[in-house]
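One structure below.
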Amino acid sequence: MAARMLDLITPALTADSPDGAGAVFVDGTLGAGGHSELVLTTFPGVHVVAIDRDHNAIASATQRLSDFSDRITYARNRYDEIGEVLAETGHDTYQAGLLDLGVSSMQLDQAERGFAYSVDAPLDMRMNADDPLTAADILNTYGHGELARVLSEYGEERFAGKIASTVLREREVRPFDTSARLVELLYRAIPAATRRTGGHPAKRTFQALRIEVNGEMDSLRRAVPAALDALAVGGRLVVMSYQSLEDRIVKREFTERISSSSPPGLPFDLPGTAPEFAAVTRGAEQADDEEIESNPRSAPVRLRAVERIEISREKR
């Protein structure tokens, strides 16, 4: 939904100049650099602050965006550190931003990273190779209750307990190290009737392990407030979620920010209680059939956007 993202942020980036001169776009999830490239190409005056915890992503995007090197600043950080990144790059606020959540297409396509269940690869799943925890560590060390919780909470896996029991039994025979053995286990653990109707049997487990390895939900809970707090008046933040857990966190924070804190029933907002943000999208938008056909990975996307309309008194 890159085109829709661009439509949504254009008013914020061009408020002072048609080419975006002086405006800052924060790409909180740089990945392969496609969104940043679109912004840099469309708005010749915009400066991009590009954030990613994956050094491979930074390296790849730096090469891809070499023609724009004078208008882009890279930061190898988590996106929940957006405030610190902006301060380090000399910016108090920014005019538009994007958080494109989950695993990037680039990471999925690098088989050796272990994100995809379609190929046999080491059970790694780290977005930052310097982090200590891998998917193999989780499978080989977590207790039954802890593992079942991860699979149930982050993968919404109905058979979390059964899968956890099977993992604990199998790791006594031999520790888990590659994805093929885990996929084989999941085919055995999940009933045939569910496999026929519920998509690939490894999808939920791989999602859950990836989220746990990278602390994605905790990071997202910090990132959305941080991104909103640093947004300039008139600025817009777009968030693309790929599964319900992510979207619920985004929806909850956005709803709170666009709502008045005055007691219900009053005909006006009390001083200091008016919302600082307004919704730009009506609920969550989804890709249309044409985009899904050309890019199947866009099918689960839920896109939400808000605009800052006021600054709190504490920040004035």
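In this text, all values refer to a predicted model and were calculated from it rather than measured experimentally.
- The minimum heavy-atom distance linking Thr93 with Leu231 is given by the pair CB-C, 4.5 Å.
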Output side-chain donor-acceptor pairs under 3.5 Å for residues 24-36, partner residues at least two apart or in another chain, one line each.
residue, atom, partner, partner atom, Å
Asp27, OD1, Thr29, N, 3.2
Asp27, OD2, Ser36, OG, 2.7
Thr29, OG1, Asp100, N, 2.7
Thr29, OG1, Asp100, O, 3.2

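- Taking the charged nitrogens against the carboxylate oxygens, Arg221 and Asp80 have no contact shorter than 4.0 Å, which rules out a salt bridge.
- Paired with Asp247 under the rule salt bridge (Lys or Arg N to Asp or Glu O under 4.0 Å), one option of Arg302, Arg304, Arg252 passes, and it is Arg304.
- In the displayed structure, Lys251 atom NZ is contacted under 6.0 Å by at most 12 heavy atoms of other residues, nucleotides or ligands.
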Audit row: Glu212, Tyr142, side-chain hydrogen bond (donor to acceptor under 3.5 Å, both in side chains) steps and yes/no:
CA-CA 11 Å; Glu212 177 73 1; Tyr142 276 26; 2.7 Å; yes

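- The shortest distance between side-chain heavy atoms of Thr281 and Leu8 falls below 4.5 Å.
- Using a cut-off of 4.0 Å between Lys/Arg side-chain N and Asp/Glu carboxylate O, Arg204 and Glu156 are scored as not salt-bridged.
- Below 30°, between 30° and 60°, or above 60°: for His91 and His47 the angle between ring planes is between 30° and 60°, a tilted geometry.
- Ion pairing between Asp130 and Arg76 holds under the 4.0 Å rule for side-chain N and carboxylate O.
- A salt bridge links Arg4 with Glu285; the closest basic N to acidic carboxylate O contact falls under 4.0 Å.
- For Glu276 and Arg308, the salt-bridge test passes: some basic side-chain N is under 4.0 Å from an acidic carboxylate O.
- Here the shortest heavy-atom pairing between Met127 and Glu216 reads CE-OE2, 3.4 Å.
- Comment: Arg188 engages Glu184 in a salt bridge, judged by a side-chain N to carboxylate O separation of less than 4.0 angstrom.
- Scanning all heavy atoms of the two residues, the minimum distance from Gly155 to Gln207 falls at CA-NE2, 4.0 Å.
- Residues Leu101 and Ser241 share a closest heavy-atom pair of CD1-OG, 3.6 Å.
- When all heavy atoms are compared, the tightest approach of Ala12 to Arg236 is CB-N, 3.9 Å.
- Using a 4.0 Å cut-off between charged side-chain N and carboxylate O, Arg248 and Glu253 make no salt bridge.
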